Amino acid sequence: MNRIKEAFKNDKKALISFIMGGDPDIETTEKLIFALAEAGVDLFEIGIPFSDPAADGIVIQQASVRALEKGCTADDLLNMVKRLREKITAPIVFLTYANSIFAYGKERFMERCADCGIDGVIVPDIPYEEKAELAEVCHKYNIAQIALVAPTSKERTEMIAKEAQGFLYCVSTLGVTGVRDEIRTNMAEIIQRVRSVSDVPCAVGFGISTPEQARDMASVSDGAIVGTAIVKIVGEYGRDCAEPVRQYVSRIREEMDTL
């Protein structure tokens, strides 16, 4: 969890990237992490492929299918993170779903996460009211249980923010993940509500696809999360995706650094 705090301590805004683990294969995922690090990513979010990713749009759904068809498992990704930890010092978090954790065994899963160097987990299908399902075991292994707030959270925003760990994932758009031409939600208002009760870092995600959108969202928060747009490039280039992704994310980093 301390690595997450460090990612938000710099003068610059935090750039968070999402990729689907195992898409198109584990070897390419490892190359992608290094390419993203070179591009200036501050925190890595890795999806564990799941057959029914309810919070994700078609691009990430397809990436999950590709990874599963290649036989990618949670153990494969845990082992990969352990290898990465020899060279990568930035925080790494998993995005996964409750069924995957409980099928693996929540105690065993968090213990392995801690052993491999995972800093936090994002579980979008466990709402705030049910966070106790994982809270104790996350605390035991010092794994941040990263919460989400959405435009519909309203009065729950302050309640969620008060207990947020690591950083707060601020969802910019209703619906599932996916590229948006325009983000119309008043994120400044949501961030203000969070900051009225907590100093937890806030990062905005869902829909960010251009350097300008990333800059605009980071300007009212502590960082921007870019996912679907990266996963789309991976889908287009396959095993040759590392360099196109690096170039794309470098442009986002440059734009965010103008703040």
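Being a predicted model, the structure only gives us computed values, none of them experimental.
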Using atom types as modelled, flag every donor-acceptor pair under 3.5 Å from a side chain in residues 84-94 to any protein atom, sequence neighbours excluded.
residue : atom : partner : partner atom : Å
Arg85   : NE   : Gly117  : O            : 3.0
Arg85   : NH1  : Ile88   : O            : 2.6
Arg85   : NH1  : Ala90   : O            : 2.8
Arg85   : NH2  : Ala90   : O            : 2.9
Arg85   : NH2  : Gly117  : O            : 3.1
Arg85   : NH2  : Asp119  : OD2          : 2.9

Which residues share a side-chain hydrogen bond (donor to acceptor under 3.5 Å, both in side chains) with [X], sequence neighbours left out:
{"X": "Glu236", "value": "none"}
{"X": "Arg83", "value": "Glu30"}
{"X": "Ser100", "value": "none"}
{"X": "Thr28", "value": "Asp25"}

Mind listing the side-chain donor-acceptor pairs of residues 32-47 below 3.5 Å, one per line with the distance, residues two or more places apart or on another chain?
residue : atom : partner : partner atom : Å
Asp42   : OD1  : Lys12   : NZ           : 3.4
Asp42   : OD2  : Leu15   : N            : 2.8
Asp42   : OD2  : Arg253  : NH1          : 2.7

Can you name the residues that form a salt bridge (charged side-chain N to carboxylate O under 4.0 Å, His left out) with [X], not counting sequence neighbours?
{"X": "Lys82", "value": "Asp115"}
{"X": "Arg215", "value": "Glu255"}
{"X": "Glu158", "value": "Arg193"}
{"X": "Lys131", "value": "Glu163"}

- Query: Which residues satisfy the ring-ring contact (aromatic ring centres under 6.0 Å, His included) test with Tyr248, sequence neighbours excluded?
  - Reply: none
- Regarding Ser219 and Asp216, is there a side-chain donor-to-acceptor distance under 3.5 Å anywhere? no
- Item | Sequence neighbours excluded - salt bridge (charged side-chain N to carboxylate O under 4.0 Å, His left out) pairs with any residue from residues 195-210 | Arg195-Asp222
